[in-house]
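Each ligand, and each atom within it, is numbered from 1 in the order the structure gives. This one's a predicted model, so the numbers in the text were calculated from it and none came from an experiment.
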Amino acid sequence: MKTVTRFAPSPTGNFHIGSARTALFNWLFAKNTKGKFLLRIEDTDKARSTKESINKILDGLKWLNLDWNNEIIYQSKKQKRHREIAEELLKKGLAYKCFCSEEELNKMREEAKILKKPFRYNRMWREKNPKESPKNIKPVIRIKSPIKGETKIDDIIQGTIRVSNEEMDDFIIMRSDGTPTYMLSVVVDDHDMNVTHIVRGHDHLTNTFRQNVIYDAMKWDKPITSHIPLILGSDGSKMSKRHGAIDVEEYKMKGILPSALINYMLRLGWSHGDDEIISLENAIKWFSLERIGKSPAKFDNEKLISVNSHYIKELKNDEIIKFLESYYSSKYKIKIDEISVKRLNLGLNDIKLRSRDLNQLAEMSLFYCSKFPLSISKKAKKYIKKADKTIFTDLLIVLENIKNDFKKQKIEEIISKFLIEKGLKLSDIIQYIRAMITGLDVSPRIYDIMEILGFVEIKKRIENFING
Ligand code: GLU
């Protein structure tokens with residue numbers, strides 16, 4: 001049997017990291033079993049579903065490279081079929097019309113409140129003759145849930161769970177305006193899409209019990225379920241903004257690589273020994289639903305950053321330069337010219353080692369591409385203000401002597417000699433030079449940078465300070 005999984009987001013907001021992880025687990029399971037991964041947009045809630053949200057989900061999936069098979073299914077387009085199933089259940093006597101008024105339902109709610117029990121519709125129309133129905137009320141359609149016995153679910157992650165059928169209610173499958181409910185639509189779509197495995201958040205577990213009633217009534221095969229634990233914040237409370245970014249888009253904006261986010265999300269709840277860095281190839285090879293932990297995973301921003309640094313180191317220069325091109329053009333309106341590409345190719349390896357995210361990498365590489373005036377960070381400005389201009393005028397003269405052999409060792413030698421002659425320490429000048437030629441207070445080794453930029457450029461940058 002070919003496996004078929006699906007990701008079924010409701011497009012009512014941003015693309016949350018929890019949803020992205022659900023998509024990833026479905027995708028990996030499909031890849032691992034050489035099955036299919038389908039995408040269904042559950043847009044039946046007209047009031048809350050938006051085009052903008054659909055775009056965010058699709059952009060996020062594309063950015064993460066979680067490609068889906070077949071065409072996207074829009075649930076709202078399937079309502080006719082959902083209605084047909086509701087009618088079929090009605091005809092078979094497995095569902096019924098309920099003409100309860102709002103007042104009657106409110107009374108039931110109040111009674112439940114007094115008895116401190118959860119509200120459950122009292123099934124008053126289950127056996128009633130529809131001929132007795134009031135004329136002024138449009139009925140809903142309710143499913144006949146089993147009254148006696150128990151319902152059992154064998155969930156791959158949560159294990160076997162039993163619920164007494166007394167806990168079940170005759171829930172609504174079609175509203176009085178003729179629109180199908182979420183509970184019905186999900187089942188009909190999963191059946192029609194031949195879904196074999198449902199992998200979704202733990203918050204859907206109670207829905208699974210209800211949805212099973214529909215599967216049983218229709219005598220349809222039930223998909224195998226896996227309910228993934230939620231993601232918690234680092235302090236164990238529900239993940240929220242204060243624990244870090246929530247939406248996939250935010251991670252992109254923060255300079256997290258899609259490969260790093262995939263690796264990190266995979267490790268949120270799934271493990272393979274102590275491996276932290278897992279290539280996509282291995283993830284596909286090793287993935288299994290059984291290995292997803294039962295307890296909620298805690299989000300750890302530092303771990304994500306360390307995974308991100310790892311993937312940044314693995315990037316090829318061409319890929320980085322492509323990113324820098326769009327970053328610089330939108331933020332600084334700078335184009336990367338040929339000389340800058342040459343410099344970047346010499347300098348990026350070092351910068352990659354020091355970068356936690358792509359934005360930091362871009363800011364740290366900017367001095368290789370900048371035209372005057374160089375943008376100077378706040379901290380660097382402090383150094384520049386304090387620097388003694390005569391020292392740097394003299395330093396330029398000695399550097400000029402080696403301009404035809406401007407190599408890092410030579411530069412280091414000549415600067416050491418210069419310091420001895422002047423009775424200075426390296427710390428007396430190093431941060432100042434760094435500030436003048438990079439505009440930063442942290443950078444790769446200064447001699448390496450000087451060699452890459454070359455004497456003419458270094459002279460220009462130091463003179464700019466001296467004359468400024
Ligand atoms: N549309 C539901 C949600 O976004 C998921 C439904 C499902 O996976 O069965 O939470």
Do [X] and [Y] have a side chain donor and acceptor closer than 3.5 Å?
| X | Y | result |
| --- | --- | --- |
| Thr208 | Arg200 | yes |
| Tyr121 | Glu104 | no |
| Ser234 | Asp300 | no |

### Task
Quick one: which residue pairs count as a side-chain hydrogen bond (donor to acceptor under 3.5 Å, both in side chains) with a foot in residues 317-326, not counting sequence neighbours?
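side-chain hydrogen bond (donor to acceptor under 3.5 Å, both in side chains) check on residues 317-326 returns Asn317-Asn345.
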I'd like the atom pairs linking ligand 1 to the protein - N or O on both sides, separation under 3.5 Å - with distances to 0.1 Å.
| residue | atom | partner | partner atom | Å |
| --- | --- | --- | --- | --- |
| ligand 1 | 1 (N) | Ala8 | O | 2.7 |
| ligand 1 | 1 (N) | Ser10 | OG | 2.8 |
| ligand 1 | 1 (N) | Glu42 | OE1 | 2.6 |
| ligand 1 | 4 (O) | Ser10 | N | 3.1 |
| ligand 1 | 4 (O) | Ser10 | OG | 3.3 |
| ligand 1 | 8 (O) | Arg6 | NH1 | 2.7 |
| ligand 1 | 9 (O) | Arg6 | NH1 | 3.4 |
| ligand 1 | 9 (O) | Arg6 | NH2 | 2.7 |
| ligand 1 | 9 (O) | Arg200 | NH1 | 2.6 |
| ligand 1 | 10 (O) | His204 | NE2 | 3.0 |

### Query
Can you check ring-ring contact (aromatic ring centres under 6.0 Å, His included) on Phe287 and Phe25, steps first, answer last?
CA-CA 8 Å; Phe287 188 77; Phe25 286 174; 5.5 Å; yes
#### Entry: His272 to Arg291 - nearest heavy-atom pair and separation
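For His272 and Arg291, the tightest heavy-atom pair comes out as CA-NH2, 4.2 Å.
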